[in-house]
Amino acid sequence: MSNERKFSPETEAQFQKLLTRYPTRLAALIPTLWLGQEEFGHLDRTALAYVAERLELPMSQVVNTCTFYTMFTPVARGKFHIELCTNVACWLRGCREIQQVVEDELGLKHKQTSADGMFTYEEVECLAACDKAPMCQVNGADTYNLTPESFRELIRGLKSKG
Amino acid sequence: MTKLLTKHIHESGCETLNFYVAHGGYSALKKAFKMKPEEVMEEVKKASLRGRGGAGFPAGIKWSFVPKDSDKPKYLVVNADESEPGTFKDRLILEKMAHYLLEGIIISSYAVGIHHCYIYVRGEFWEPVKALQKALEEAYSRGYFGKNILGSGFDLECTIHRGAGAYICGEETGLLESLEGKPGRPRNKPPFPALIGAFGCPTVVNNVETIAYVPSIIELGAEKYLQMGPHQNNGGVKMYCISGHVKKPGVYELPMNTTLRQLIYDHAGGILGDRELKMVIPGGSSTPILMPDQIDVMMDFDELKKLGTFLGSAGTMIVAEGTDIVELAAVIAKFYAHESCGQCTPCREGTDWIYQLVLKIHAGEGTKADIDRILDICNNMKGQTICVLSDALADPMKSIVTKFRHEFEARVVDAA
């Protein structure tokens, strides 16, 4: 992979638009980090340096903000990012059994990525869908009312897509 | 009639602008534009619309703290960082009823003299933010945002701002820090956001649900809204979230004199598997628990306070007999240990100490002294920090350990 980082024309247009929405450049930082993560897959030092340069902000300030937020990742995630809610409502409705399925099917623990780069598994806190617990997100798409069976099926389906 | 926001929720297309307008949407805005801004604010004050994010502070009063003749711009920041465990009403509003929020934003901004609104949406809300974006584009395209809205001479811009994963950004000053591009570490108050908020300017920060009720209040008038829930200080209706061990978890829009018993048994269908009720987390995991003999309480801000707990964000979680309370305590403690922003020592250290002690007891390796140590740490965390995240673990943990002490004692190595 090249060390060069540059927004595609589409991303550049979004970037220019968001600069007009805030009274300070710093306020555009988090939205720009999102653009960067979507464009580059993850935010390593090179990507952060590019964001810092584009916003004319010190690298230290960019790193300080970026590392505070759990959704920004400095390393590449798997093709399928599975985030399982393990907070109260999902726990009351059986998320421990779902965690067991991850262990059995993928052999992954919290924040691990499979060797083939297919899956990253993360245990997350409440995603505000407690009436449909237990739930998870796969690449940002919500899946509700999980049972061990439905979740096993979901993972096997993703495996076959890979 | 008890439903305002959720009237049409099960009808297809209810999230679209056409549907909304066909069912009377944006008519409150036209009515508001015929009123003076201060009359709009007065109406919201009279409706005693109390903040639905957790604090219960009256919205109209909050608005009135913003200086009228400020030479700086003023901002409205809508808090859509819904992260309090057990709360999922704002998600529903964004996904199905975003135009109620958008119309509320315009009316509220008009009342306070604001020309730019930011909607801060939690980063994990991929699907809700898409729905909101679509609704906002629709509203812009029909002239509900931008310059000279509906020929009123009033201008308003609205920007959706996504967070990136941090519970603390739901705290209003943490949210403002985050909006400004910094880590979401809460600020000392005063100054309050009404004077120095976003970008050093006067700012109103309100929860999604609070703003979404504004059009109904203007449409009906404060008097009628108040009468929907017969308590003067807890007027109208609100959205209750109920989850955990109930047959029909969901969001229920109900008058504020609804009792917890009615919520559980009449609306949510009773306890899953017809088990006995063990305890209730009434307003999100930051609120002290209630026992089964306390469920005749009315679910409003003042009545719950009398029982030493809070309505919070109305994220009611029901726990049935047979649940391991020590493990539940660990699940709760882990959350706060994970989400503490770390700037205040009592919270940064205390939340993790409690989590480690509960884990130790859960593993059967704790002692009676560890139980007292948890209570001691709780006492030393409360009221010692910039924001209330510390109290948000200390209060419920103290209530859980006190009310279920026997379950903790049964797990310790020096059990009697």
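Worth saying up front: this structure is predicted, and the values here are computed from it rather than measured. Naming: A, B, ... by sequence-line order, numbering from 1 per chain.
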Of the non-hydrogen atoms in Y118(B) and P23(A), which two are nearest, and what is the gap between them?
-> OH-CD, 3.5 Å
Below 4.5 Å from any heavy atom of chain A, which atoms of L176(B) appear? Answer side chain, backbone, both or neither.
-> neither
Taking the side chain as every heavy atom from C-beta outward, state whether R93(A) and P249(B) have any pair of such atoms under 4.5 Å apart.
-> yes
Ranked by heavy-atom pairs below 4.5 Å to chain A, first place among E82(B), K248(B), E327(B) goes to E327(B)
With a 4.5 Å heavy-atom cut-off (strictly below), which parts of residues 88-96 of chain B touch chain A? List them by number.
-> F88(B), R91(B), E95(B)
Rounded distance (nearest 0.5 Å) linking atom OG1 of T24(A) with atom CG of L179(B) = 8.5 Å
Heavy-atom distances under 4.5 Å only: say whether L92(A) touches chain B with side chain, backbone, both or neither.
-> both
Taking the side chain as every heavy atom from C-beta outward, state whether N64(A) and P183(B) have any atom pair closer than 4.5 Å.
-> yes
In this structure, CG of D142(A) is separated from CD of E127(B) (nearest 0.5 Å) by 4.0 Å
Would you say Q100(A) has more than 12 foreign heavy atoms packed within less than 6.0 Å of its CD?
-> yes
Give, as side chain, backbone, both or neither, the part of H161(B) having an atom under 4.5 angstrom from any heavy atom of chain A.
-> both
Given that the side chain runs from C-beta out, which part of T323(B) has a heavy atom under 4.5 Å from chain A: side chain, backbone, both or neither?
-> side chain
Leading residue by heavy atom contact count with chain B [cutoff under 4.5 Å; candidates K132(A), Q61(A), R96(A), Q37(A)] | R96(A)
Pairs of heavy atoms under 4.5 Å with chain A: top-ranked of P73(B), G184(B), G123(B) | G184(B)
Short side-chain to backbone donor-acceptor contact, W34(A) and A164(B), under 3.5 Å | no
Aromatic centroids of F199(B) and Y22(A) separated by under 6.0 Å | no
Rounded to the nearest 0.5 Å, how far apart are CD of E124(B) and OG1 of T70(A)?
-> 6.0 Å
Between F68(A) and S178(B), does a side-chain contact (heavy atoms from CB on, under 4.5 Å) hold up when you go through it step by step?
-> CA-CA 10 Å; F68(A) 185 83; S178(B) 179; over 6 Å; no
Given side-chain contact (heavy atoms from CB on, under 4.5 Å), test L26(A) with K182(B) step by step and report yes or no.
-> CA-CA 8 Å; L26(A) 181 56; K182(B) 293 176 269 184; 3.9 Å; yes
Does some side-chain heavy atom of L127(A) sit less than 4.5 Å from a side-chain heavy atom of R122(B)?
-> yes
May I ask you to name which of G163(B), A320(B), C241(B) has the most heavy-atom pairs under 4.5 Å with chain A?
-> G163(B)
Pick one of side chain, backbone, both or neither for E177(B), based on which atoms fall under 4.5 Å of a heavy atom in chain A.
-> neither
Under 4.5 Å to a heavy atom of chain B? For A28(A) that would be neither
Here the ring pair (Phe, Tyr, Trp, His ring centres under 6.0 Å) pairs for residues 74-119 of chain A, sequence neighbours left out, are F80(A)-F119(A)
Between T65(A) and G181(B), the two heavy atoms sitting closest are OG1-O, 2.6 Å
Side-chain heavy-atom pair Y167(B), C126(A) within 4.5 angstrom cut-off | no
Could you state the interatomic distance from OG (S285(B)) to CD (E125(A)), rounded to the nearest 0.5 Å?
-> 9.0 Å
How about T86(A) and V331(B): do any of their side-chain heavy atoms sit closer than 4.5 Å?
-> no
Using a strict cut-off of less than 4.0 Å between a Lys/Arg side-chain nitrogen and an Asp/Glu carboxylate oxygen, indicate whether E180(B) and R25(A) qualify as a salt bridge.
-> no
Look at A27(A), A128(A), A133(A), P31(A) and state which one has the largest set of heavy-atom pairs under 4.5 Å with chain B.
-> A128(A)
Check: I30(A) main-chain N/O paired with R162(B) side-chain donor or acceptor under 3.5 Å = no
Side chain, backbone, both or neither: which part of A129(A) has a heavy atom under 4.5 Å from chain B?
-> both
Highest number of heavy-atom pairs under 4.5 Å with chain A among V251(B), L328(B), T87(B) belongs to L328(B)
L272(B), I318(B), I168(B): which one forms the most heavy-atom pairs within less than 4.5 Å of chain A?
-> L272(B)
Under 4.5 Å heavy-atom distance to chain A, tell me which part of C169(B) shows up: side chain, backbone, both or neither.
-> side chain
Between H338(B), E84(B), E157(B), which has the largest tally of heavy atom pairs under 4.5 Å with chain A?
-> E157(B)
In Å, rounded to the nearest 0.5 Å, how long is the span from NZ of K334(B) to CD of E123(A)?
-> 6.0 Å
